[in-house]
Amino acid sequence: MQIERDVPVHAGNPDRYDVKAVESYWQAQWEREELAKTEVGDKPKFYCLEQFPYPSGHLHMGHVRVYTLGDVIARYRRMNGYAVLHPMGWDAFGLPAENAAIKSGIPPRVSTMNNIAYMKHQMQEMGLSLDWSREVTTSEPEYYRFTQELFLLFFERGLAYQKEGPVNWCPSCETVLANEQVVEGACWRCDSPVTKRDLRQWYFRITDYAERLLQDLEGLDWPTEIKVQQVNWIGKSVGAEVVFPIPELGEKISVFTTRPDTLYGATYVVLAPEHPLVERLIAGKPNADAVRRFVAEERVRSDIERTAETSEKRGMFTGAYAQHPLTGQAVPIWVANYVLMDYGTGAVMGVPAHDYRDWQYARKYGLPIRVVVTPKLPVPEDLVAEREYSLPGVLVDSGPFTGMGSEEAKAAIAEHLAERGLGGPRVTYRMRDWLISRQRYWGAPIPVVHCPDCGVVPVPKSQLPVLLPENATFTGRGASPLAQIAEWVNTTCPRCGGPARRETDTMDTFVDSSWYFLRYTSPGETDRPFDPQAVAFWLPVDEYVGGKEHAVLHLLYSRFFTKVLYDAGWVPVQEPFRRLLAQGMVVYRGAKMSKSKGNTLSPETILSEWGTDATRLFILFAAPPEKDFEWTEQGVEGAYRFLQRVWRLVMREEAVPSGDTAVQDDAVRRARARAVKKVTEDLGDRRAFNTAVSALMEYTNFLYQAVGSASPPVRREALETLVLLLAPMAPHLAEELWRRLGHGESVHRQSWPTYDPRWLKEEAVEIAVQINGKVRARLTVPADLGEQELVAQALADERVRAAVGQGAVTKSVVVPGRLVSLVVR
RNA sequence: GCCGGGAUGGCGGAAUCGGCAGACGCAGAGGACUUAAAAUCCUCCAAAGGGCGACCUUUGUGCGGGUUCAAGUCCCGCUCCCGGCACCA
């Protein structure tokens, strides 16, 4: 067979190819041929997406890993006959650019655009098959005008609102944070301890969607790990609301409980320090001032302080009493730090016998403990002497409910309360509404105007975008930069035409990224965020690749957005990402890379030293995608050696004597069929890239031994198959070899290889013979040998006979092609 | 504390539906080629014991039990590691 040695231009010899020359040549060529351009037609669609990066200035190894994984999937799907959408863009709003402006004076937009240009260049050097004609940048007016338009949609639908209340404040970022962005009491981005402030802020009503966000997880092909995190975050609790009247005020306190069956054991009621009724309850009471001091103390404590001393429950008696809704007894009302204002109703009933916190609290303050649920009858003397009894059981001392089981009683008591207007069945969620306003410049301005006469007025769609002013100054001190630009803030009311002030807060950048995957389907739209038909065609994303750190941030927000847009009739899907590949971290020298540990690796150095293909191959081979991946020099060198080995295998072909051929034809065909089957399965549904690479290595090793003894057509088919199977993972080398094998069209436009299943059948197989569970012999037999024949042959074997000895075979199990198991007694 | 995931050679990992544990690679050892080295090609490589040898025996997938002809895989009870949530009523 013919190998063309001097196509097309570059250096390299049969022993070693010139990585740089080959890679840069084909990158330029592919761009010219628009290889990654999104095709439309009658092919089935495949939307392959990786989380777009924040343009920090440089790619890091985590990016290299995500984009490699996505690119392999995209290339594989193209060769399998799909119209693939594989776009890229920039999550370009955000604090770092603004902080850089404070430090260096470079305007955020300038530094952002520079960073984008450099990172785009890096991605191009990685040879990623991205359709750059669909690039989106969230910080450009062409994009954020639609982020604003979507805000207006939320506003119209009652899903965007302002609320005054305690919020998470990051003193270092000088802005508020959503609950999801507070990680263990600290800011998710800068790690500073988060404090509380009372502010009027904008929220998205994500809690309206809690139940759907929970229910629809079920149908998603996502890792359990991520789904579980979302389930926990949403935090659904089923229970009852119980109303405790306060006769002296003519008011009532609502509490939420998951254990209505323990209601008769409630001996007191506790309010959160922030609870609105506190002041009215204590007014005129002897210890009113002491309670006020206590409340004030607790309110200034940050979350971390409050949770740091989890065991120390502090509280005070208000001096007021409520009425038990079922017994009518007076129960004291307390205020305590262990009750949280943001969960449930901000008040709880204290059931010391059956709740561990209430037990501790009652012990500390000498409150009565009353047993109403017991594991057995009679009630053990010491049931709650040492600790609470919180398991289900049988009700005692519970009026008409005495004798019921806990589960039955939960429903019965809730029902009873509902009938009497004292509460009833109720479901609560842990998730809070999404706080989306930020007191910063570099984000999409919230498109509303505050008018002294009309109140909050949305900016009409026709007046979008509300552009960011370019003359902002960045001092890092004081209020948002936008608030300081009088000519920008002062405007006219769209409704009455009178003087009004613009909203000076911008939107959380997670709003920008909650819909970018829709924009990619039709990035050129100028009068709407996206073309509904394009969205209908491409959505949902078939494979979404990204990091686990977004389990309850981006991934939850995007699901919420999609559901809102579905309800508005803008998109036909309720879930944006059908399948999720959550890849692990990149580790170097035993730890996650960080500047402080001094174990960083720059993609620039690595790619120029080893080339894109070797880097990609190593990333794919060293670990399954969802696990952490440790970078090692020896590892990437191994991948590099393998690629050079493939090069030599193909390039040496001309030198192979054409004499004694065809003897290995069938063996080569079988090896080829096995390789195609394995790589196809692994790159497809299994996403087991590591074993796909190992299958190619085995195939290559085999061909080294055998391909020289195959006839020319078989040999060619075997080698071309190797190149095709390698194409998604090592695209540059595969392209070079494909052309050298005499093809005029790109390997990446070829169809994925297939195989005839008959070649999967071996002529002879090795069968293990087990006697009483231990392998005693291995036989090589024809693959199609019948079960009885197989047992007969096994019994005829000398080693088997020796092992059986005088015993009798009482049972035999045959697994075709694998083993014979004999039970001997 | 609760929830989830995991533990397999010196290392990364494989074993997809209960069927020969350790594929593939790295590291290591030996050989070929070379004046030599690098590169390359070939062979060996879980542990212990035995045999000149092809090989044979025993043990072995975090620990202890169990089910089964057969268990890394299933069941029961633990240990440790990683991740998430954490006074959520």
Side-chain angles (χ1 to χ4, degrees), chain A residues 15-16 183-185 223-233 235-237 239 255-259 262 270 272 306-307 309-313 336-340 342-351 355-358 360-361 428-431 548-549 551-552 584-585 617-618 621-624 626-630 632-639 641-642 644-645 648 678 681-682 685-686 688 690-701 704-705 766-778 799 809-824:
Chain A
D15 283 338
R16 180 167 283 264
V183 181
E184 290 179 1
T224 324
E225 192 190 351
I226 307 289
K227 285 194 193 181
V228 165
Q229 281 188 52
Q230 293 211 353
V231 169
N232 291 343
W233 189 262
K236 180 178 180 175
S237 290
V255 306
F256 173 71
T257 178
T258 54
R259 294 292 305 272
T262 65
V270 197
R306 262 204 198 187
T307 53
E309 36 163 344
T310 49
S311 54
E312 197 42 39
K313 296 185 186 356
N337 63 347
Y338 77 98
V339 177
L340 306 175
D342 6 353
Y343 184 76
T345 59
V348 301
M349 61 184 198
V351 185
D355 180 279
Y356 86 103
R357 294 152 304 189
D358 298 342
Q360 289 177 338
Y361 192 75
T428 302
Y429 301 88
R430 198 190 80 109
M431 183 169 65
K548 296 174 185 173
E549 67 277 12
V552 289
M585 287 188 310
L617 202 76
F618 174 46
F621 179 59
E626 66 279 4
K627 289 188 68 170
D628 287 352
F629 157 75
E630 171 137 25
T632 61
E633 281 291 301
Q634 293 96 323
V636 68
E637 189 168 351
R641 274 203 292 259
F642 169 67
Q644 293 290 357
R645 194 166 149 84
R648 283 190 299 274
K678 178 72 177 152
E681 288 169 357
D682 284 358
D685 285 350
R686 248 164 67 87
N690 53 332
T691 50
V693 175
S694 84
L696 284 181
M697 287 172 166
E698 277 177 86
Y699 183 47
T700 302
N701 291 344
Y704 255 81
Q705 303 303 314
E766 198 187 65
I767 298 283
V769 183
Q770 292 184 347
I771 310 232
N772 293 338
K774 294 196 186 231
V775 178
R776 294 298 175 186
R778 291 184 172 84
R799 290 160 299 182
V809 176
T810 58
K811 185 177 183 181
S812 62
V813 180
V814 176
V815 182
R818 310 285 290 189
L819 59 73
V820 174
S821 182
L822 302 172
V823 184
V824 175

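Letters A, B, ... are given to chains in the order of the sequence lines, protein chains preceding strands, and every chain is numbered from 1. Computed over heavy atoms, backbone and side chain alike; hydrogens, waters and symmetry mates excluded.
Out of B:G12, B:C42, B:G13, the shortest distance to the side chain of A:Gln705 is found at B:C42. When distances are taken from the side chain of A:Glu681 to each of B:G12, B:U16, B:C24, the shortest belongs to B:U16. Proximity note for A:Glu698 (side chain, C-beta onward) versus B:A23, B:G84, B:G13: the nearest is B:A23. Candidate nucleotides B:G84, B:G12, B:A89 were compared by shortest atom distance to the side chain of A:Ala622, and B:G12 ranks first. Of all nucleotides listed (B:A15, B:C85, B:C24), B:A15 comes nearest to the side chain of A:Thr691. Side-chain proximity of A:Tyr704 to the nucleotides B:C20, B:A89, B:C42 is greatest for B:C42. Distance from the side chain of A:Glu766 is smallest to B:C20 among B:A89, B:U16, B:C20.
The side chain to side chain contact (heavy atoms under 4.5 Å, CB included) test applied to A:Arg430 returns A:Trp233, A:Tyr343, not counting sequence neighbours. With sequence neighbours excluded, the residues forming a side chain to side chain contact (heavy atoms under 4.5 Å, CB included) with A:Val815 are A:Arg818, A:Leu819, listed by chain and number. Among residues two or more places apart in sequence or in another chain, the side chain to side chain contact (heavy atoms under 4.5 Å, CB included) test is passed with A:Gln644 by A:Arg16, A:Tyr17, A:Val19, A:Tyr640, A:Trp647, A:Arg648. Residues that satisfy the side-chain hydrogen bond (donor to acceptor under 3.5 Å, both in side chains) test with A:Arg776, not counting sequence neighbours, are absent from this structure. Applying the ring-ring contact (aromatic ring centres under 6.0 Å, His included) criterion to A:Tyr361, with sequence neighbours excluded, gives A:Tyr268, A:Trp334, A:Tyr338, A:Tyr365. Every side chain to side chain contact (heavy atoms under 4.5 Å, CB included) that A:Lys548 has, sequence neighbours left out, goes to A:Glu225, A:Ile226, A:Ala582.
Here side chain to side chain donor-acceptor pair (under 3.5 Å) pairs that include residues 692-701 of chain A, with residues two or more places apart or in two chains, are A:Arg645-A:Asn701.
The base of B:C87 sits with one of its N or O atoms less than 3.5 Å from a complementary donor or acceptor on the side chain of A:Lys313.
Within 4.0 Å (heavy atoms only), A:Gln770 reaches at least one base atom of the nucleic acid. A:Phe642 comes within 4.0 angstrom of no nucleic acid atom, judged by non-hydrogen atoms across all strands.
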Starting at the 5' end of RNA chain B, what dot-bracket string do you get if Watson-Crick and G-U pairs under 3.5 Å are bracketed, crossing pairs use [ ], other-strand pairs use | and unpaired bases use dots?
(((((((..(((......[....))).(((((.......))))).(((((....)))))..(((((..]....))))))))))))....

Atom pairs under 3.5 Å: protein N/O with N/O of nucleotides 45-53 of chain B:
none

Polar atom pairs (N or O), protein with nucleotides 25-28 of chain B, under 3.5 Å:
unit_1	atom_1	unit_2	atom_2	d
B:G25	OP1	A:Asn701	ND2	3.2
B:C26	OP1	A:Arg641	NE	3.3
B:C26	OP1	A:Arg641	NH2	2.6
B:A27	OP2	A:Arg641	NH2	3.4

For nucleotides 55-60 of chain B, give me one character per nucleotide, 5' to 3': B if any protein heavy atom sits under 4.0 Å from the base, S if the only such contacts are to the sugar-phosphate, - if neither.
--SSS-

For every nucleotide of nucleotides 4-9 of chain B, 5' to 3': is a protein heavy atom under 4.0 Å from its base (B), only from its sugar-phosphate (S), or from neither (-)?
S-----

